[in-house]
Structures are given as C-alpha cells and as structure tokens.
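To keep things clear, I will list the structure first and then write my remarks on it.
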Amino acid sequence: MSSYEPHAIERKWQQVWEEAGAFVTPNPEDPASREARNSYVLEMLPYPSGELHMGHVLNYTLGDVVSHVRRRSGWSVLRPMGYDAFGLPAENAAIREGAHPREVTERNIAAIRGQIKRMGWSIDWTREVSTHEPEYYRWTQWIFLKLFEAGLAYRKAAPVKWCPNDQTVLANEQVIDGRCERCGAEVESRNLEQWMFKITDYADRLLDDMALLESWPERVLTMQRNWIGRSEGAEVTFRVEEVDEDVPVFTTRPDTLFGATFFVLAPEHPLVERFAERSPARDELRAYARHAAAKKTEERAAADEKTGVFTGFYAINPVNDAPIPIWVADYVLMDYGTGAIMAVPAHDERDFEFAEKFGLPIMQVVAPADGEAEAGLYVAHSDEEILVNSGPFTGLSSPEAKKAIVESLAGRGLGHAAVNYRLRDWLLSRQRYWGCPIPIIHCEACGIVPVPESELPVLLPEVDDYLPKGRSPLAAAEEWVNVSCPSCGGPALRETDTMDTFVDSSWYFLRYTDPRNDKAPFDRRLVDYWLPVNQYIGGIEHAILHLMYARFFTKALYDLDLLGFREPFARLFNQGMIYRFGAKMSKSKGNVVAPDELVDRYGADALRLYILFMGPADQDKEWQDTGVEGMWRFLSRLWRVVHDELDREPQEPGSTALARKAHETIHKVTDDIERRFVFNTPVAAVMELVNDISRDPADPASRFAVETAVALIQPYAPHIAEELWSALGHSRLWAAPWPVADESLLVRETVELVIQVNGRVRDRLQVAAGSPDEELVALARASERVQAHLSGPERRVVVVPDKLVNFVV
RNA sequence: GCCGGGGUGGCGGAACUGGUAGACGCGCUCGGCUUAAAACCGAGUGUCCGACGCGGACGUGGGGGUUCGAGACCCUCCCCCGGCACCA
C-alpha cells in the first residue's frame, strides 16, 4: 500500500485546479438580479515583502475554509488576491541594493505569489491586482481627483509630523509614542504645505454608521470611537480688553462656568506673543513658551508637576463679568479644541493640580445631589449634581444648567453649543518616490490645477536617485516636473509628492469586482452586486488606520453617487497573533518559523491544518514546534484508514453507531464553521471520527464514515482530500456538495444518565431516550453506588430528562 | 487611570443555552514490532489518599454569593496581554 507523500499530491492538484479554473468566479451576466446567493470573502491584501509569514498563513487559511464551505454549499464566492505594493520598505530595499523599487517589488511579488500558490488557497487568480501598476493607480488618481472636486482633498500649510530618518511626513496615525511607526525614529515637527483628506467631515457618520455593521469585534469599534474622540460641549468666548480680543474656549462642562477662576493658553497660542510684546516679563514669557512648545506632547504628559507662567493679563468670564488671570501652561494643547481653556479647579483634576501649585482660587459650583459642596476637588460622575454659587442657575441640575447657560450665552453672542473631535484630517502627502503620484499641476497663473482625466495615469517618472532629501525625489525629474498648464497653457510644475500607501488600499476591495476595467475604477453595478464584503479577515493592527480610511472612502464615493452602500465591510474578523517562546514572532527576536520550511517537510495540508487547530482563531496563542508534525501524523492515519477501506471487500452499508458518529461530525463541523465561526474544534471532530473508524474497520458504516471524513476535511486539507476522494472513486471534491447531516440519525436511542447525590456524580447509566421522569428516578435509586450515598432523609429530587437525576439529602 | 480581551493538566486547548471538567492534539510512561533506532501499532497519563481491577477527597487565578447543581451567573480582589491617555 502506498503511503502519504504530500508533495507530489499537492503539486498535482494545484495544477488540476488551475487547469479546471476551479476557483474562478465570473461576474454575473446581470448584476442587477440578486437572485444568486453570492458571498464576498476577503482577507487583507499582503504587503509584498517576499516572505510569507505565519500571520498570513492563518489569515488566508481561515478565509480559505470559509470560501470552500460556502462554495460547496452552493454560493458564488468572490475570493481575490492582490498586493499592496507601494511603500517605504521596497524603496529602502531598493536604495540598499542599488536597484529600482519596481524591480524589488516585482521580485517580491513573484516570490510571495509562489508561496501563496504552494499553500493551495482557492483564489480567483484572474482578479489579481497590484497597487503599483499604472492600470491600478490610474484609478487611485482618478478617485483623488473626484475627492478634490468634491472639496474633500485640499492643500494646507500645517505643522506636520516629520520622520528625520525616512525623510518624510507621517500621518498622525503613523506616529506611535512620538516615534515613526515604521523605523522607530523620534518624530519632529515641521511646517509644510501638504495634501489632506477631509475625513473630519465624516466624523459623525463614521461613528453613527457603526450601527450598519453586522459583526465587528467590539474592541475595534471602541478603538475607532476613541480615535474619533467626539465630545459634546460648548464654545464660550472670553473677552480680553487689553488687546481687544475675543478668545474662544471649548468646554464639555459649561455648567461649571461660574467656577472658572483662571484661564490658560497653550504655549503655541498666537496670543502669547501678543501678551509678551506688552509685558514687562516678556523674556520670561517667551522663554517658557519656546521651551514648552519644543517639548513633545508625550514629554509634557509625563512631567510630574504642572508648570506655567502668569501673563499679567486678564480675561472676562462671560457669565459673571469676573476678570480671571490668564496663564500659559504646557498642559494645554494647541491642537485640541481652541488651544485655550477656562480652568475650573474645583471640578477638574488637571486644573486643580495647577491651582494648588500656584495658589489660585478654587470655587465649588457643583455639588452632589444629596450632599453639600465640599472644599477641594469634586469630579462629577453622574447627572445628579446640582449647581451652587452659580447666580441665577443655582439649584439647577447639571444637564439643565448646561443647556440654560449655553442658551443664555448664545443670546448674548458669547457662546454656542459645539462638538469637538480628536480626529484630524488625513495628511496624505509623502516626500518619497515609491508611491502613487498626486495628479495635480501647480500653475503660476491658475494655481492648483487638476490633471485632466484623459491624461491619467500620471506615470511615476524614472529617476536615478531615490534617496530622501526632505523634498520628493520626483522633483529631480525635471522633464517630468515642467509641464504646461492644462488650463492656461503657461509654464507650470507637477506636484512632486506621492500619496500615502493607505490611499491605495482604501479602495482595492472595489477594484477586485472589476479588475480589468479601463474605462472606470469599477462598474457600479458590480460593486453593488458584490459589496459590502460579507466577511473581511485581517490583523488587529489595522483596527484604526486602514479600516477607518476604507470606511471614509466608501462613504465619500457613496456621496459622489459612485456606489450604493455606505459601509465596505459587513463582518470583520481579526485573527489572533502567534507567539513563540512567549513573544510575537519577529525577525529581531529570532523566533520566526518559516512556513516554507514546514511545507517542505510536511506539506501545505499539514501546516494549514495546524494553524487552525492550534486554538481559537481570534485569540493569541503559542506556536508549538511539534504541532505540524502531529497534523502530518493525522493525515497519514487518514490516508491509511481510506486505503484499508479500499482494500476490504465491499460490505452492505449499515446504520450503526459509526454512521451516527459520522452524521454528528457533519453537524458539528458545519455548525462550528458557519454559525459559531470557530475553526479548531471541527478538526478535533474529524479526528474523533477517524479514531472511531480505526477502532472497528469492519463496521458496516465504515465506507460512509471514511467518505464523510474526507469530505469534511477538504476545506482544511484540500490536496489530500482531493486525492483520497478520487481514490474512493469520485471526482471534483472542490465542487461536491457540502455534506448534510441526517437529522433523524442525530437522535439517540439511548442516552447516558448522570446520577448525582447533592450535586456530585455518583453513577452513570445507559437508559432509553425519552424515558419518563419516574422511571429515571427509579433506575437511579436502584444503583448501588447511589444508595451508598443516600443516607439521611431525601429532601428533593431534580430530574433533567435524558440527562441527569440529582438526589438532595 | 479608562476601554477591550484573557487566566482550565507538563504544553496548545475543549466544555456553545448553568447539568459527566480536561474532548482533540503535543509531550511523557509502559508494552508490541525491530539485531537496533526511527516510523508505526496498543495501553496509560489532573493532584492526592487507600485494604491500587472496587473506591474516596481535592481540583478551572484568590475570596465571597446565587443555585439541587457554577469553569460558565453576581459581587470583590489579584495577575497577564492589547489599545487609549494632561483631549478641557
């Protein structure tokens, strides 16, 4: 008898699938009819680093199991693959090697494509796209122009986060603890003209439309909510007579206005210099402001003690006309709210700390509903608080007072209700080579002029030097840069910045539906047919950036009437991280296990099986080096069991315990994958079935059980399953209907009855299913083991039919 | 500090709706096969006690509670992982 040799089998079936177009899903002839059951299963596209890692293996195997089961259950499944190919790593590698980034990228793509194919994932390769190809980025540029026309892309001089190592600007989202997300260098602040997307216009919809999502992990929604950081309150104007200025502040607590005993400006606030000009203490003021502004936010936050300087000026509190001293302090941030605050030390921890340190007055204006105002800090924690010392508003509850005070201010033009967000606009300019060119021309006469649609794509020019120098390497391509203005024909310059790669990946899921369209980024009927994505799968690291940008793009395109849905991904699943020796697998830690080596040794099927068998797909878990070998042993056992079956004389099929076990396994595997979305326990269930088969190979149901095991393991281990399926005399398992459990066989004739005394198990009996309660109690009472514990008066008997009898004595 | 996820044998984990804790796999032990080893096959494997073929006690991070019955529900505390954090 032959033994299990994965490599030849895997090569063979991969070729068969390719030749048969087994996983090619054509678009419907009439996308308007939604009769067909269709499902879009999407995993986040890989960055082509040339190296497939275990995270990919988990991600794509997960999607593969879902796709196979849906396909075999009669669904039309869209399952594409592509590459997020622009970006710094390829460019840095190119600089190191002296090669062109395109060369490095395409070499990496070829490598990773080869690895993906070796894994045998059921991908529709006719839809492959890569974001660095002009056929793709032409439409990235087209979308950019649509957003520009709609006023959603704009240019602005702004203090930006600058990475001195990568020599480029970063998005806020790419700065982690004051360091560059990619290289870890400390980020600096620079003032530059940059392109921005107006994602802040969509802040409320990004929050509210979460209600449209079918199933997203709670933690992702929470992270996005925190990131958007919506807070409701009021903008209130304070008058500074000496400089004839009205200074607005944002507050979430307008009800505490009577307790505002001082006023604080951020060190970067423009008024600080105005004050300094007129102040005898100008040197001290300027020194503090300069010193504080230079510090990073993180350093400021980490400071043990509050610092600050009195300006010598006063602001008028609009509710009671009281003049309050204006300070400059670095605990107030220029980039949130208005860069100025009213300080209410009695009811805000930070203001309290500051007031204590500098001896400023502290006045209670809010008290607990059932108590007296007490000196010191009192931070409200419910809506039950009552106002005190607040003039005409004294006695109102906090929520009433908020409304009343804002209304009264609004009546005098000194304030209004306001909402503030932590979310900033998306800075998309990058001063690097390997990215999508921004299709804009700067004309001396006309200003900013979009490149006409007919001239797209604006191709990346060839340059000799990609080294970052603080301006885009594209600026060196003079012939490319110097153009005539499309509007007036005069001399003009091309925009030399490229786009953040997150722009490329904010719409790729739309392109897959119509990847070769050269008239438009996609056909609206096709995106409306396939989207929203039914199941999106990827890592938690994209909880904020990619997922929020993709949601924003979808909404913007919806508003432009280019598609008919408001959320791109109905269901999201985040796979857990894989650890080894207690740490996340990473090159720097030296604890990486290469998928390729395992495939060489045990085959793709064993690896696919182990990566899902390891544990719950959404939880972090520890890699076991012996795990894949164990799966290889299981597959060898399955191989043997099938061939033993083939070697035996065919027998009359019979309905035995093994037949029931097979049906139970069908039920369990199907339910786990489809309803529970768990992937480890189905493998265990099939293993149990195989164990049962080998326990009695002569069982009349063995043929059925063997075929069931093969049919059920196919989504996990498609190559061996296909091979065994054809050995069993069938063909095309990839298209064979998913097994259906016979409900009647799931009903057991006898059940195990657990007998407890005082909740402790004392005996177990086989009894006929559906026996009446009295019979169960009588049988239970008859048990010797039970009687030994039935001393003392019986107080109660609990019966759970077909399950358990509990005597309480 | 706030938010989210976790804590079950030597290890990864199972137990879905409160009803047999430890499925399945890894590892380990013993036995078979073998000149031998590997592979493979069979048996065993939570801890402790005992007149070890029957049995008993303990046991899901700690403490308390609800219940006939809790790994699961409630209260409280501890620990680990991830995110956010001077955001007014």
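Proteins get letters first, then strands, A, B, ... in listed order; numbering begins at 1 in each. Both backbone and side-chain heavy atoms feed into the values below; hydrogens, waters and symmetry mates do not.
Side-chain nitrogen and oxygen atoms of A/R422 include at least one within less than 4.0 Å of the OP1 or OP2 phosphate oxygen of B/A85.
Distance, A/M548 CE to B/G83 P: 16 Å, rounded to whole Å. Going from atom CZ of A/F581 over to atom P of B/C11 covers 16 Å, rounded to whole Å. The NZ atom of A/K621 sits 13 Å away from the P atom of B/G6 (whole-angstrom rounding). Here B/U8 presents its P atom at 11 Å from CD of A/Q619, a figure rounded to the nearest Å. One can place CD of A/Q575 at 17 Å from P of B/G82, the figure rounded to the nearest angstrom. In this structure, the CG atom of A/L635 is 13 Å from the P atom of B/C40, given to the nearest Å. At whole-Å resolution of the value, CG in A/D618 and C1' in B/G5 are 9 Å apart. Rounded to whole angstrom, the span from the CD atom of A/E629 across to the C1' atom of B/C26 amounts to 10 Å.
Because its NZ or CZ atom is both nearer than 6.0 Å to the ring centre of A/W227 and within 45° of the ring axis, A/R422 counts as a cation-pi partner of that residue. For the pair A/K584 and A/Y579, the NZ or CZ position fails the cation-pi test of under 6.0 Å to the six-membered ring centre and within 45 degrees of the ring normal.
Checking B/C16, B/A88, B/C40 against the side-chain heavy atoms of A/R633 singles out B/C40 as nearest. Between B/C16, B/C68, B/C41, one nucleotide has an atom nearer to the side chain of A/D671 than all others, and that is B/C16. Here the side chain of A/P616 is nearest to one of B/C68, B/A88, B/A14, namely B/A14. Set against B/A88, B/G12, B/C81, the side chain of A/E622 has B/G12 as its closest nucleotide.
The C1' atoms of B/G22 and B/A38 are separated by 31 Å, rounded to the nearest whole Å. Going from the C1' atom of B/A15 to that of B/U60 covers 11 Å, rounded to whole Å. Nucleotides B/G10 and B/G6 have their P atoms positioned 23 Å apart, rounded to a whole Å. Annotation: B/C16 and B/G4 have their C1' atoms spaced 22 Å apart (nearest Å). B/A88 and B/G7 are spaced 34 Å apart, taking the P atom of each and rounding to whole Å. Taking atom C1' on both B/C11 and B/U66, the two are 35 Å apart, rounded to the nearest angstrom. The P atoms of B/A23 and B/C33 are separated by 30 Å, rounded to the nearest whole Å. For the P atom pair drawn from B/C30 and B/C78, the interatomic distance equals 46 Å after rounding to whole Å.
Annotation: salt bridge (charged side-chain N to carboxylate O under 4.0 Å, His left out) contacts of A/D692 (sequence neighbours excluded): A/R695. A/R764 pairs by the side-chain hydrogen bond (donor to acceptor under 3.5 Å, both in side chains) definition with nothing, not counting sequence neighbours. Among residues two or more places apart in sequence or in another chain, the side-chain hydrogen bond (donor to acceptor under 3.5 Å, both in side chains) test is passed with A/K357 by A/E305. For A/R675, the salt bridge (charged side-chain N to carboxylate O under 4.0 Å, His left out) criterion is met by A/D671, not counting sequence neighbours. For A/D330, the salt bridge (charged side-chain N to carboxylate O under 4.0 Å, His left out) partners are A/K295, not counting sequence neighbours. With sequence neighbours left out, A/T261 forms a side-chain hydrogen bond (donor to acceptor under 3.5 Å, both in side chains) with no residue at all. Looking at residues two or more places apart in sequence or on another chain, you find a salt bridge (charged side-chain N to carboxylate O under 4.0 Å, His left out) between A/R648 and A/E645.
Counting any heavy atom pair closer than 4.0 Å across all strands shown, A/V332 reaches a base atom. Residue contacts for A/K584: at a heavy-atom cut-off of 4.0 Å it reaches no nucleic acid atom on any strand shown. Across all strands shown, A/G630 has heavy atoms under 4.0 Å from sugar-phosphate atoms exclusively, and none from any base. The residue A/S636 sits apart from the nucleic acid: no heavy atom pair falls under 4.0 Å. Counting non-hydrogen atoms under 4.0 angstrom, A/M577 reaches nothing in the nucleic acid.
The salt bridge (charged side-chain N to carboxylate O under 4.0 Å, His left out) analysis of residues 754-763 of chain A, with sequence neighbours excluded, yields the pairs A/D763-A/R785. Within the structure, salt bridge (charged side-chain N to carboxylate O under 4.0 Å, His left out) pairs that include any residue of residues 605-618 of chain A comprise A/D64-A/R608 (at least two apart or interchain).
Annotation: A/H7, atom NE2; neighbour count of heavy atoms from other residues, nucleotides and ligands within 6.0 Å is above 12.
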Identify all pairs in which a protein N or O lies below 3.5 Å from an N or O of nucleotides 55-57 of chain B, and state each distance.
residue, atom, partner, partner atom, Å
B/G55, OP1, A/R785, NE, 3.3
B/G56, OP1, A/H789, NE2, 3.1
B/A57, OP1, A/R762, NH2, 3.4
B/A57, OP2, A/R762, NH1, 3.4

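For A/R675 against B/C16, a side-chain N or O and a base N or O form a donor-acceptor pair under 3.5 Å.
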> Where each pair must be Watson-Crick or G-U wobble with both distances under 3.5 Å, what dot-bracket representation of RNA chain B is obtained, with crossing pairs in [ ] and other-strand partners as |?
Replying inline: (((((((..(((......[....)))((((((.......))))))((((.....))))..(((((..]....))))))))))))....
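Nucleotide B/G82 is shown with an anti base, its glycosidic torsion being more than 90° from 0. Applying the 90° cutoff around 0 to the glycosidic angle, B/C52 is assigned syn.
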> Tell me, for nucleotides 18-24 of chain B in 5' to 3' order, what letter each nucleotide earns: B for a base near a protein heavy atom under 4.0 Å, S for only sugar-phosphate near one, - for neither?
Replying inline: -BBS-BB
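Remark: aromatic rings of A/W327 and A/F263 are distant, center separation not under 6.0 Å.
Map A/D348 and A/T626 each onto its nearest nucleotide of RNA chain B; the residue landing nearer the 5' end is A/T626.
Under 4.0 Å is where a charged nitrogen must lie from a carboxylate oxygen, and between A/R225 and A/E218 at least one such pair does.
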